[in-house]
Amino acid sequence: MNKKHIDEFYKRIENDCQYGIFTLSLPLLLLNKHLYSVSENFYKTKYDLIHSDIDVLAALYFTNDNHSLTPTELYDATVFSSGGMTKVLKKLEKRELIFREASKEDKRKFIIKLTKNGEDLINECMNLIKGCLEEFFSPLSKKEQKEMKTMFSKLLYSVTQSSISSKIGQ
């Protein structure tokens, strides 16, 4: 990202109030793109994994004390297609980071669980990435970070109730 282009964007938008909302969306998109790119490179280089792999491990780790979810719950937690999820689960199972266990209630269903290796890897990964994120957000005061968290939470919860894609498609 080049500061010159960012400054030009803000200058042009100030002169065209019709598109002022883009001063909220474009920074989010650019910041997300930057964070995604940096973290994807980190995951690939350090662990030979990609975002989708880490997303599944993190969803399992942060969801409950058993570090387990059904495949359907994993779809919901990570927003993958079932085909994409199957591919990720096979890869993680082959690497012995997760395992499948038959449900005690219904033997036709499986529960996906982190292995000790998976738990150790996601812990290490989160601790390393945490430092990078702390540095990334360091230009903001603790108060600003808290306010941002509140605002992002509001936006995230609103997305779970209505989809922007349905409005764009109209």
Open item on the list: I'd like to check the side-chain contact (heavy atoms from CB on, under 4.5 Å) partners of K142; sequence neighbours left out, ordered by chain and number.
Closed with: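 Per chain and number, K142 pairs via side-chain contact (heavy atoms from CB on, under 4.5 Å) with Q145.
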Open item on the list: Going by side-chain contact (heavy atoms from CB on, under 4.5 Å), name the residues that satisfy it together with N64, two or more places apart in sequence or in a different chain.
Closed with: N66, S68, L69
Task: Y75 with I111, same ILVMFWY side-chain cluster at under 4.5 Å - done: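 No, it is not one cluster - the side chains of Y75 and I111 are not joined through contacts under 4.5 Å.
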Open item on the list: For residues Y47 and L35: do they belong to one hydrophobic cluster (side chain heavy atoms under 4.5 Å, members Ile, Leu, Val, Met, Phe, Trp, Tyr)?
Closed with: yes
Identify each donor-acceptor pair in which a side-chain atom of residues 19-31 lies under 3.5 Å from a protein atom, sequence neighbours left out, and give them as a table.
unit_1 : atom_1 : unit_2 : atom_2 : d
T23    : OG1    : G20    : O      : 2.7

Open item on the list: Quick one: does any side-chain atom of T115 pair with a main-chain N or O of E96 as donor and acceptor, under 3.5 Å?
Closed with: yes
Open item on the list: Using the ring pair (Phe, Tyr, Trp, His ring centres under 6.0 Å) definition, which of the options F99, Y61, F62 pairs with H67?
Closed with: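 Among the candidates, only Y61 passes.
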Could you measure the distance from the [atom1] atom of [X] to the [atom2] atom of [Y]? Nearest 0.5 Å is fine.
{"X": "S158", "Y": "K154", "atom1": "OG", "atom2": "NZ", "result": "10.5 Å"}
{"X": "L121", "Y": "M126", "atom1": "CG", "atom2": "CE", "result": "9.0 Å"}
{"X": "D53", "Y": "K87", "atom1": "CG", "atom2": "NZ", "result": "9.5 Å"}
{"X": "K91", "Y": "I50", "atom1": "NZ", "atom2": "CD1", "result": "5.0 Å"}
{"X": "K116", "Y": "E119", "atom1": "NZ", "atom2": "CD", "result": "5.5 Å"}
{"X": "L57", "Y": "N123", "atom1": "CG", "atom2": "CG", "result": "11.0 Å"}

With a 4.5 Å heavy-atom cut-off, do [X] and [Y] have their side chains touching?
{"X": "S39", "Y": "H51", "answer": "yes"}
{"X": "L60", "Y": "L74", "answer": "yes"}
{"X": "L49", "Y": "L92", "answer": "yes"}
{"X": "T78", "Y": "S52", "answer": "no"}
{"X": "F42", "Y": "L128", "answer": "yes"}
{"X": "I112", "Y": "T70", "answer": "no"}

TODO: Quick one: which residue pairs count as a salt bridge (Lys or Arg N to Asp or Glu O under 4.0 Å) with a foot in residues 25-46, not counting sequence neighbours?
DONE: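 Found K44-D48, K46-E124.
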Open item on the list: Enumerate the salt bridge (Lys or Arg N to Asp or Glu O under 4.0 Å) contacts for residues 54-75, please, sequence neighbours excluded, ordered by first and then second residue.
Closed with: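 Found none.
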Open item on the list: For the CD atom on E8, are there more than 12 heavy atoms of other groups (residues, nucleotides or ligands in this structure) within a distance under 6.0 Å?
Closed with: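 Yes, because the 6.0 Å sphere around CD of E8 holds more than 12 heavy atoms from other groups.
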Open item on the list: Counting only heavy atoms from other residues, nucleotides and ligands, does the tally under 6.0 Å from CZ of R100 exceed 12?
Closed with: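 Buried by this count: over 12 neighbours within 6.0 Å.
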Open item on the list: Pair D7, K3 - check salt bridge (charged side-chain N to carboxylate O under 4.0 Å, His left out), show working.
Closed with: CA-CA 6 Å; D7 290 343; K3 185 180 178 331; 2.7 Å; yes
Which atom pairs, donor and acceptor, lie under 3.5 Å between side-chain atoms of residues 129-139 and protein residues at least two apart or in another chain?
unit_1 : atom_1 : unit_2 : atom_2 : d
S138   : OG     : E135   : O      : 2.7

